[in-house]
Amino acid sequence: MSTMTIAKAINEGLRATLAKDPKSFLMGEDIGSLGGVYRVTEGLKKEFGGHRVMDTPLAESGIVGTAIGMALRGHRPICEIQFDGFVFPAFNQITTQLAKIHTRSDGQLSAPVVIRIPYGGGIGSIEHHSESPEALFAHTPGLRIITPSNANDAYWMIQQAVECKDPVIVFEPKRRYWLKGEVDTENSPGDPFKAHVLREGTDATLVVYGPLVPVALAAASAAAEDGHSVEVIDLRSISPIDFDTVEASVNKTGRLVVAHEAPTFGGIGGEISSRISERCFYSMESPAIRVGGFHMPYPVARVEEHYLPDIDRMLEALDRAFAY
């Protein structure tokens with residue numbers, strides 16, 4: 001067991017992948033000599049060379065398009081999109097090419113491209129640097145989407161993403177890059193597309209992922225002081241979603257709250273709420289309740305703390321559920 005930040009865990013996961021798979025390589029803006037804006041790829045170019053850790057022009061569409069071509073030739077490209085809001089020039093390549101090549105070729109071709117995207121707010125930045133666009137990609141069949149919330153998952157999930165035969169987008173919660181945790185470098189936590197129950201409870205289920213996991217755990221602890229037992233589930237995977245784990249929890253607790261940084265309107269929480277309401281209708285004691293960002297462009301740093309879901313907003317949602 002080693003103690004690492006999430007950023008260091010991803011770095012070590014990438015290092016293990018590059019050492020293990022000679023067909024794997026990294027590409028992105030400033031990831032080589034600089035080591036990335038967040039230094040997640042620091043030291044990898046020196047260790048593996050510029051032909052496997054490649055600085056690219058500022059052209060996201062070109063980065064992803066090149067990666068698709070390389071994947072079709074048997075390589076394992078790992079792309080970094082420098083900031084979440086920079087991914088949209090590559091949106092066409094991802095949704096109309098990468099996601100559809102396997103089906104379009106009747107299964108004869110595959111493009112196992114990994115796209116790393118630091119996402120979410122809380123870093124004192126502005127629009128294009130603090131977005132949460134995961135729902136836009138989850139709506140596209142043919143893509144797998146995962147997001148680690150802790151160092152151990154970060155270390156293993158980046159390696160599992162590269163080993164996957166399908167294209168995988170790894171959304172990395174940038175404000176948690178410096179969050180430390182224990183990493184077991186010998187034993188994998190298992191299927192990256194399966195949710196984990198982080199805290200068991202009996203009165204309500206709180207479903208979160210990525211950057212809001214620490215907030216949800218804090219909210220559950222605060223609710224316990226008021227006599228409420230809240231179960232916390234880390235989804236880990238946004239596409240596919242492990243509905244079975246959520247369903248089992250809600251059948252037990254009778255209440256569901258889903259929280260994410262992205263706007264509630266059109267967000268992942270709506271799909272989870274709808275699906276679980278269908279599956280657990282006769283077990284639920286209250287409607288499913290969503291907590292998320294507001295339906296507006298990401299605000300300036302001075303007011304972002306009012307935009308991002310916090311403990312108080314999660315507790316307010318739980319109180320509404322308990323009131324039924």
Side-chain angles (χ1 to χ4, degrees), residues 81 83-88 90-92 94-95 99 117-123 125-141 143 145-147 149 169 171 173-175 195 204-213 215-216 219 233-243 246 250 255-281 284 286-321 323-324:
I81 303 297
F83 284 96
D84 34 54
F86 295 0
V87 73
F88 297 110
F91 190 81
N92 180 51
I94 295 170
T95 58
I117 306 178
Y119 81 119
I123 63 167
S125 195
I126 55 172
E127 59 175 305
H128 299 138
H129 298 75
S130 300
E131 315 283 340
S132 296
E134 61 271 19
L136 299 177
F137 295 99
H139 188 69
T140 302
L143 300 173
I145 303 171
I146 55 179
T147 177
S149 67
I169 299 178
F171 279 101
K174 69 170 82 76
R175 69 163 154 154
T205 300
L206 180 53
V207 176
V208 289
Y209 56 83
L212 287 191
V213 168
V215 182
I233 295 178
D234 177 4
L235 276 185
R236 302 174 74 241
S237 175
I238 298 172
S239 183
I241 292 174
D242 179 8
F243 288 108
V246 180
V250 175
R255 297 175 178 86
L256 171 65
V257 174
V258 187
H260 47 62
E261 284 192 14
T264 54
F265 186 85
I268 297 297
E271 178 63 30
I272 296 171
S273 298
S274 177
R275 189 76 65 96
I276 296 303
S277 293
E278 292 175 6
R279 290 192 181 189
C280 304
F281 183 78
M284 297 185 72
S286 74
I289 297 174
R290 294 172 296 153
V291 181
F294 302 110
H295 195 49
M296 59 175 287
Y298 197 86
V300 296
R302 185 178 298 177
V303 295
E304 74 171 338
E305 65 183 83
H306 302 294
Y307 174 88
L308 294 171
D310 57 11
I311 294 175
D312 289 338
R313 286 171 63 187
M314 288 191 190
L315 289 174
E316 188 272 336
L318 289 167
D319 286 343
R320 286 167 56 200
Y324 281 88

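This chain uses plain numbering: 1 for the first residue, then up along the sequence. Hydrogens, waters and symmetry mates are skipped; everything else that's a heavy atom, side chains included, is used. Worth saying up front: this structure is predicted, and the values here are computed from it rather than measured.
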Taking Phe171's backbone N and O only, do any of them form a donor-acceptor pair with Thr147's side chain (distance below 3.5 Å, no angle check)?
yes
I'd like to know whether Leu308 forms a side-chain contact (heavy atoms from CB on, under 4.5 Å) with Val215, so could you lay out the CA-CA distance, the side-chain angles of the two residues, the decisive distance to 0.1 Å, and finally the verdict.
CA-CA 11 Å; Leu308 294 171; Val215 182; over 6 Å; no
Would you mind telling me which of Leu206, Leu315, Val208, Val207 makes a side-chain contact (heavy atoms from CB on, under 4.5 Å) with Val257?
Leu206
Asp84 and Lys174: CA distance, side-chain angles, deciding distance, salt bridge (charged side-chain N to carboxylate O under 4.0 Å, His left out) verdict
CA-CA 10 Å; Asp84 34 54; Lys174 69 170 82 76; 2.5 Å; yes
Pair Phe86, His129 - check ring pair (Phe, Tyr, Trp, His ring centres under 6.0 Å), show working.
CA-CA 8 Å; Phe86 295 0; His129 298 75; 5.2 Å; yes
Nearest heavy-atom approach of Pro309 to Leu212 is O-CD2, 3.8 Å
Smallest heavy-atom separation, Gly210 atom then Asp234 atom, equals N-OD1, 4.3 Å
Test Tyr298 against every option in His128, Glu131, Glu304 by the side-chain hydrogen bond (donor to acceptor under 3.5 Å, both in side chains) rule and name the one that passes.
Glu304
Do His306 and Phe294 pass the side-chain contact (heavy atoms from CB on, under 4.5 Å) test, and can you show the C-alpha distance, the side-chain angles, and the key distance before you say yes or no?
CA-CA 10 Å; His306 302 294; Phe294 302 110; 5.7 Å; no
Looking only at non-hydrogen atoms, find the nearest pair between Ala317 and Ile289 and report the distance.
O-CD1, 3.5 Å
Euclidean distance, Leu136 CG relative to Phe88 CZ, rounded to 0.5 Å
5.5 Å
What are the two closest heavy atoms between Ile145 and Ala138, and how far apart are they?
CD1-N, 3.3 Å
Test side-chain contact (heavy atoms from CB on, under 4.5 Å) on Tyr209 and Ile233; report intermediate values, then the result.
CA-CA 8 Å; Tyr209 56 83; Ile233 295 178; over 6 Å; no
Restricting to non-hydrogen atoms, name the atom on Thr140 and the atom on Ala99 that form the minimum distance, rounded to 0.1 Å.
CG2-CB, 3.7 Å
Please tell me if the side chains of Ile276 and Thr205 come closer than 4.5 Å, counting only heavy atoms from C-beta onward.
no
Checking Val246 against Leu235 for the side-chain contact (heavy atoms from CB on, under 4.5 Å) test, could you report, in this order, the C-alpha distance in whole Å, the side-chain angles of both residues, the deciding distance, and whether it holds?
CA-CA 9 Å; Val246 180; Leu235 276 185; 4.1 Å; yes
Could you tabulate the donor-acceptor pairs under 3.5 Å formed by side-chain atoms of residues 259-271, not counting sequence neighbours?
unit_1	atom_1	unit_2	atom_2	d
His260	ND1	Ala262	O	2.9
His260	NE2	Gly269	N	3.0
Glu261	OE1	Gly121	N	2.8
Glu261	OE2	Arg175	NE	3.0
Glu261	OE2	Arg175	NH2	2.6
Glu271	OE2	Arg275	NE	3.4
Glu271	OE2	Arg275	NH2	3.0

Can you name the closest pair of heavy atoms from Ile123 and Ser130 and give their distance?
CG1-OG, 4.3 Å
With a 4.5 Å limit on heavy-atom distance, are the side chains of Tyr119 and Pro211 in contact?
yes
Kindly compute the distance separating CD (Glu127) from CE (Met296), expressed to the nearest 0.5 Å.
10.0 Å
With heavy-atom distances below 4.5 Å as the criterion, would you say the side chains of Leu256 and Met284 are in contact?
yes
Answer whether the closest heavy-atom distance between the side chains of Tyr324 and Pro287 falls below 4.5 Å.
yes
